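Below you'll find the structure, written out as structure tokens, and then a few comments.
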Amino acid sequence: MSQPNILLIVSDDHGYGDLSFRGINNDARTPNLDRLASDGMVFDQAYVSAPICSPSRAGLITGAYQQRWGARWFDSSQFAPAPFQTIPQVLKSAGYRTGYFGKVHYGGDDDYGSRGCPDQHGFDDAFFGLAGLSMGRLHYLTHGEQYEEEYGDAAQAMGVQPMVENGEKVSCEKHLTVEFADRAIAFMEDAVGADQPFFCMVAFNAVHNFTWQLPDFELDQRGLPQHPDFDADTSKYLDWYDGVVSPNLHNGREYYLAQLDIMDREIGRLTQHLEAFGQRDNTMIVYLTDNGGSTCNYGDNAPLRGTKYSLYEGGIRVPFIISWPGVITPGGRSDALVSSLDLLPTFAAAAGATLPKDSPVDGLDLRHVCEGDEADAHESLFFDTGFQWAVRTKDWKLRWADEQSPVRQHLIDVEHTDIGSGLSLTPLGSSVDESPEADVSADYPEVVDKLLQLREQWLETISH
């Protein structure tokens, strides 16, 4: 087979249970993701490397645990320093044309022209918004210097700053979900016309807050009311956000589902254009989200416990689909432990590219796993935000959270989620139950000791 094109789609805060093919939430309708799943393989035990966007995305793009360069939480996350290589850099070495269209949020270095910008770490074409400049958010509808002036003190929080097109600041007044898809389609068509394999990364800001920011016709079609971005009479922006939007936004779930519906529609359009280009059979499509669904966004992670921000399964186990014609048998399901860190080595192997020799890669090549051989999957995965950590093996999960951490109380007060406290051991190989009643640490001290040893070995590994 010739080098496959690669389309990587990353969504934002998509709830684990909000896929209609799972049959969990009847209000979530995702026909195009369902079709992608039926054409490929669903990984039911797939993980990202962090329960929040910045460190998760930093690990994904490099295939390495982001803790290697100290990225654990919002306050420490940053793009990987040299010599770590990125997915587009590795694929460019194999002759790929690379394009990025979407949200960027690797951490505090997300300033115009920094290494965290896609056009500075290997992408030939890029259209993106720097969410690191706006508390992780991008406004869905309005971007430009004129909106920064109009929103005044609320401009940063609302994420209305200009978008960036190949290094230049530009305005945008189209719904970003549609704009990102439009840009990606044009990029893929150009690459096909040039007879060049491509790597196209589409990083939707859907379904992250603020989901009520929808075009008028989309609201009217769904019978949803308009909602103001910001109440200028409220003394502080966060007072408004905490008190009105989360968790008290009227129609909050409906706005979330509308954004999910539009994103699913645009994913279908991406696939349809690949078919029209005659490239669907030679394109690997991967879909995942950056972390678990958020209570604030009205996402639902059922049947998993917990949400974004936590190391419960609902914070780190995510929707993950790979469709790869000719390699993956349609309709497959896998319980293998896989990670977003696996994307770089898998893409490199598919492309015939050489992995970096001067920086570590912690992910694994998933090609054999995609063919049904779980022997090449991870035996263990590790998570660490500083005030909470977890070890996941095929049969067990050991999790610890600092009850006294000020971050825990902040998350309870502002994000309406609890990361838990203390040490617990749960048999996740046979259940998804992480309730206090499921804790068997007192019954299996030898398992606790073994997983603690694995964690110590991991810490030693990433410190070098």
Side-chain angles (χ1 to χ4, degrees), residues 16 45-52 55-56 59 65-68 70-77 291-295 301-318 335 337-341 362 378-463:
Y16 186 86
Q45 297 197 67
Y47 293 83
V48 287
S49 59
I52 56 173
S56 170
Y65 280 112
Q66 66 278 358
Q67 291 88 351
R68 287 184 178 275
R72 284 179 164 80
W73 196 246
F74 290 121
D75 58 351
S76 59
S77 188
N291 48 245
S294 168
T295 303
N301 297 315
L304 308 178
R305 182 183 180 89
T307 72
K308 175 183 179 179
Y309 306 108
S310 78
L311 291 182
Y312 288 117
E313 291 293 281
I316 50 177
R317 194 194 294 198
V318 298
D335 284 328
L337 289 185
V338 301
S339 168
S340 57
L341 304 182
D362 296 307
H378 290 273
E379 295 182 359
S380 55
L381 292 169
F382 302 90
F383 311 89
D384 192 333
T385 70
F387 53 87
Q388 58 180 339
W389 55 259
V391 180
R392 177 71 214 273
T393 66
K394 184 67 175 175
D395 298 318
W396 299 97
K397 182 177 178 183
L398 186 68
R399 186 183 57 81
W400 174 84
D402 182 359
E403 182 178 10
Q404 303 302 318
S405 171
V407 179
R408 181 192 180 206
Q409 191 58 51
H410 172 79
L411 292 174
I412 292 172
D413 294 341
V414 177
E415 305 295 349
H416 314 289
T417 192
D418 190 356
I419 64 172
S421 63
L423 188 74
S424 66
L425 176 71
T426 48
L428 286 190
S430 57
S431 169
V432 295
D433 186 3
E434 289 186 280
S435 66
E437 294 74 22
D439 176 19
V440 293
S441 56
D443 301 322
Y444 294 92
E446 71 282 2
V447 176
V448 172
D449 288 343
K450 178 182 178 181
L451 297 187
L452 286 173
Q453 290 175 15
L454 285 177
R455 170 172 158 77
E456 288 303 316
Q457 293 169 5
W458 175 72
L459 290 171
E460 178 69 18
T461 298
I462 65 169
S463 66

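In this chain, residues are counted from 1 in sequence order. Only a predicted model underlies this, so the values are computations on that prediction, with no experimental measurement involved. Hydrogens, waters and symmetry mates are skipped; everything else that's a heavy atom, side chains included, is used.
Remark: D418 engages R408 in a salt bridge, criterion side-chain N to carboxylate O under 4.0 Å.
Within the 3.5 Å criterion, the main-chain N or O of Y16 finds a donor-acceptor partner in the side chain of N301. Side-chain N or O atoms of D362 include one that pairs as donor or acceptor with a backbone N or O of Y65 at under 3.5 Å. Panel note: side chain N291, backbone I316; no donor-acceptor pair is recorded below 3.5 Å. The main-chain N or O of V407 is found under 3.5 Å from a side-chain atom of S405 such that the two form a donor-acceptor pair. S76 places a side-chain N or O within 3.5 Å of a backbone atom of W73 that can act as its donor or acceptor partner.
To the nearest 0.5 angstrom, F383 atom CZ is 6.5 Å from Y47 atom OH. With rounding to the nearest 0.5 angstrom, the CG atom of L451 is 8.5 Å from the CZ atom of F382. A distance of 7.5 Å separates OG in S430 from CH2 in W396, rounded to the nearest 0.5 Å. Interatomic distance, CG of L425 versus NZ of K397, reported as 11.0 Å (0.5 Å rounding). Atom CD1 of I419 is separated from atom CZ of F387 by 5.0 Å, given to the nearest 0.5 angstrom. The distance from atom OG of S421 to atom CH2 of W400, rounded to the nearest 0.5 Å, is 10.0 Å.
When the options E379, E434, E313 are evaluated for a salt bridge (charged side-chain N to carboxylate O under 4.0 Å, His left out) with R392, the one that passes is E313. With respect to D384, the side-chain hydrogen bond (donor to acceptor under 3.5 Å, both in side chains) criterion is satisfied by exactly one of Q66, Q67, R455: R455.
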Are T307 and S294 close enough, and set up right, to give a side chain to side chain contact (heavy atoms under 4.5 Å, CB included), and what steps lead you there? CA-CA 5 Å; T307 72; S294 168; 5.7 Å; no
Apply side chain to side chain contact (heavy atoms under 4.5 Å, CB included) to residues V447 and K450 and explain how you reach the verdict. CA-CA 5 Å; V447 176; K450 178 182 178 181; 5.6 Å; no
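Scanning all heavy atoms of the two residues, the minimum distance from L423 to S441 falls at O-OG, 4.4 Å. Contact detail for P55 and A71: the closest heavy-atom pair is CB-O, 4.1 Å. Minimum heavy-atom separation, P436 to R305: CD-NH2, 4.0 Å. The two residues V48 and S56 make their nearest non-hydrogen contact at CB-OG, 3.5 Å. When all heavy atoms are compared, the tightest approach of S49 to S340 is N-OG, 3.8 Å. Taking all atoms of both residues into account, the shortest heavy-atom contact from L428 to D433 is CD2-O, 4.1 Å.
At least one side-chain heavy atom of R68 sits less than 4.5 Å from a side-chain heavy atom of T461. Looking only at side-chain heavy atoms (C-beta outward), P427 and V440 come within less than 4.5 Å of each other. Residues W389 and L398 form a side-chain contact, since some pair of their non-hydrogen atoms from C-beta on lies under 4.5 Å apart.
In the displayed structure, E446 atom CD is contacted under 6.0 Å by more than 12 heavy atoms of other residues, nucleotides or ligands. Counting heavy atoms of neighbouring residues, nucleotides and ligands inside a 6.0 Å radius, atom NZ of K394 exceeds 12 of them.
In this model, a donor atom of one side chain and an acceptor atom of the other lie less than 3.5 Å apart for Y309 and E415.
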